[in-house]
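Taking it in order: structure first as structure tokens, then the write-up.
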Amino acid sequence: MTWTRKHLLGLEGIGYDEVVTILDTTSRFREILDRSVKKVPTLRGITVVNLFFEASTRTRMSFELAEKRLSADVLNFSASSSSLKKGETLRDTARNIEAMKVDIVVMRHPSPGAPHFLTDHIDGSIINAGDGPHEHPTQALLDLFTMREHVADLRGKRVTIVGDILHSRVARSDIWGLKALGADVTLCGPNTFMPAEVEQLGVTVSHDIRDATVEADIVNILRIQRERQSGGFLPSLREYSALFGINAARLREMKPDVLIMHPGPINRGVEIAPDVADGDRSVILEQVTNGVAVRMAILYLLSMVRASKQVEEPDILAEVGA
Amino acid sequence: MSKILLRGMRLIDPATATDERIDLLIADGVVASRGVGIAVDEETRIVEIPEGVVAPGLVDMHVHLREPGGEQEETVESGTRAAVHGGITTLAAMPNTEPTIDTPAWVEYVRSRGKLTNVHPIAAITVGREGKTLAPLAELAEAGAVAFSDDGRSVADANVMRRALQYATMIGRVIIAHCEDQALVGSGTVNEGLASTRSGLSPIPAVAEETIVARDILLAKSAGARLHIAHVSTRGSVELVRRAKADGITVTCETCPHYFCLTDDDVRSYDTSTRVNPPLRSADDVEAIREGLRDGTIDAVASDHAPHSLEEKQVEFDAAPPGMVGMETLLPLTITHMVDTGILSLGKAIALMTIEPARALGIAAGTLETGAAADVVVFDPDGKVEVTADWFRSLSKNSPFIGSTLSGRVLMTIHNGEVVFEEDLGTAHGSSENHGKRAAESNELVVGV
């Protein structure tokens, strides 16, 4: 097994072997989800806190489900119910969590680098569940897992990511993960949504949706936030939809076996037409199911690293004869 | 008043084109004489450090002392203590305090609290630095304001900036422009480029600085005013200033050490000590800054010393206030990155931190000509400085250079003829120093007096 990391902060710099280890481990957990009893004792005695400083429904639910199916003890902490609004700093929150002896922290935070900051203040393992526009590694891993279920070998396969790349943590993590597996990545969207010098990451940039998708094996469509219109990035969502939206007519011009993906939640009729989202090329709901399995795999791998480091500790319960 | 003879050391005084081993006698707070083999009486303290270089006390034209209002971060007293530790004897203090330095009383308050160095308050251009109403520039100048700046932000309204330039011309003071278009900066925290793309940190494009540099140069030209551009950080800004100077426009500019020794790649650690405005730029910009210093486009190296407490900086990157402390690392960073790399001569580097900023501000400082105030730094250009948090005398320790080893160690700082900082020579160096009389009688070394 090729996994020695204590934390999962991002996919930048991740190796081929590491990605394959995660995806192979995910396959084993994916099987569990099809059983009648979907719970295993893998993380019994392990405490996981879900630390969400930003509104999230599906990612938080997916992590919570993964943790519960692994029999972990789960704590939820979200900004609205926390002391953060009372002026407590992230550092103090971290120190309090540290004092509670939590093993694994899953964090969503609007500031890039916030989980990296946490690693300096917490002994536990940290899983980045999205840090601003920086990275969202478990989303990218579930994307890769879903792609690999349909396309066994991603080497040389054409993957096009469409939408607001600039503000997308999913796009950044997808790029690193796809590059690690040898895929050819094209980014498509208006210039105002392209991060500076993004070509230097080894991707192709296109502003023509037809050019970018006709030869693609996989098209991953990103959600367009409605506030981008007021932010001046777009003249209107209508114009975006006309230029870059994926509808049935555009789908017909693509390869017949193209995979249509979306990290959700979708804006029907903006970046994706309803009949495409619900159509037979769409794997959007498979992504959601696989998300739980990927998160189970990550929790498992990080807990194994922790366990291997704690193997020298004496068994306290044994000593007191419990 | 004490007399000091700096004997036989290399004296670098760019203002008088001096770079030779001669004596310098300080008496009555001024440079009394310079020459070879100056005779002294027994009351005179003799300082003779073989590796020491004698230069004018440094002039740091861009400092945030935080007083009034931010005394937990820095005060005039702590800031000047840090200054002399860095060899600085004259500094210009920015007005973005709480309250803003926009009244004669506050100018007088800050100026009068400077004891260890000259403290020249820079007053605000507009009331409250709000960019709307001109501050009482003539009264502020009368009270001792050396220049005017709304540093921390640009004067967004071009018409207000034009009026300020026109008005300052009458007073004979320079306007110092902080050049950043706030609309282009937006919520940005780091330079736009590969580093912002990889880190996900919000980008600030170089053009946010350059549009205002271009605007303010044109406004200064139209007003016939003297303009100084603070903390130039991009290739485009250097080129704009170069062209303006060639066109005969009266513009000067400064840069800061972090713009020639760090790049935007350094922010990818998410270390909040690397967050600064303008942001750390690309390697290509760093190259242009170095060239601008070499060819004289950039007139001065200033620290933009911006103290922040640990509490303020130990937060998420985008929640941290911009700025880093810099007075104490000004000389060693410039020597390490500009002189030791062969880009600047030591004399040119000294000029950029002494006579050139003094000229930009229009003040009498930065020279060791006979009769000048005895503001002197003695430093060892090869002496190593291990930068640690404890090494700083500033109240704040927000430096990205903690952990690095630099060349250029300040050994002694003299202000108005009095020793205001002295390295503990007994532990640091094999340097010798002696009082004339006792050494003459007993040949005994008196170290670390």
B:Arg198 portion near chain A, given a 4.5 angstrom heavy-atom threshold:
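Backbone plus side chain of B:Arg198, per the 4.5 Å heavy-atom cut-off to chain A.
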Could you please state which residues from residues 188-196 of chain B sit under 4.5 angstrom from chain A, measuring non-hydrogen atom to non-hydrogen atom, sorted by number, or 'none'?
B:Glu192, B:Gly193, B:Leu194, B:Ser196
Give the interface residues of residues 305-315 of chain B toward chain A, defined by a heavy-atom separation under 4.5 Å.
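Residues B:Gln314, B:Val315 are the ones that qualify, each having a heavy atom under 4.5 Å from chain A.
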Looking at [X], I'd like to know if its [atom1] atom is crowded, meaning that more than 12 non-hydrogen atoms belonging to other residues, nucleotides or ligands lie closer than 6.0 Å.
X        : atom1 : answer
A:Arg158 : CZ    : no
A:Arg5   : CZ    : yes
B:Lys132 : NZ    : no

Looking only at heavy atoms, the pair that brings B:Ser199 and A:Pro112 closest together is O-CB, 3.5 Å
For the rings on A:His134 and B:Phe317, is their centre-to-centre separation under 6.0 Å?
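Between A:His134 and B:Phe317, the centre distance exceeds or equals 6.0 Å.
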Can you list everything that forms a side chain to side chain contact (heavy atoms under 4.5 Å, CB included) with B:Arg162? Sequence neighbours excluded, please.
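B:Arg162 satisfies side chain to side chain contact (heavy atoms under 4.5 Å, CB included) with B:Gln166, B:Leu219, B:Ser222 once adjacent residues are dropped.
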Separation of A:Ile165 CD1 from B:Thr197 OG1 (nearest 0.5 Å)
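The distance works out to 11.0 Å.
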Can you list every side chain to side chain donor-acceptor pair (under 3.5 Å) pair that touches residues 173-202 of chain A, not counting sequence neighbours?
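Output for this query lists A:Glu135-A:Ser173, A:Asp174-A:Asn220, A:Glu197-A:Gln200.
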Pair count under 4.5 Å, heavy atoms only, with chain B: among A:His121, A:Glu12, A:Arg169, A:His167, highest is A:Glu12
Check whether any side-chain N or O of A:Ser111 sits under 3.5 Å from a backbone N or O of B:Glu316 as a donor-acceptor pair, and report yes or no.
no
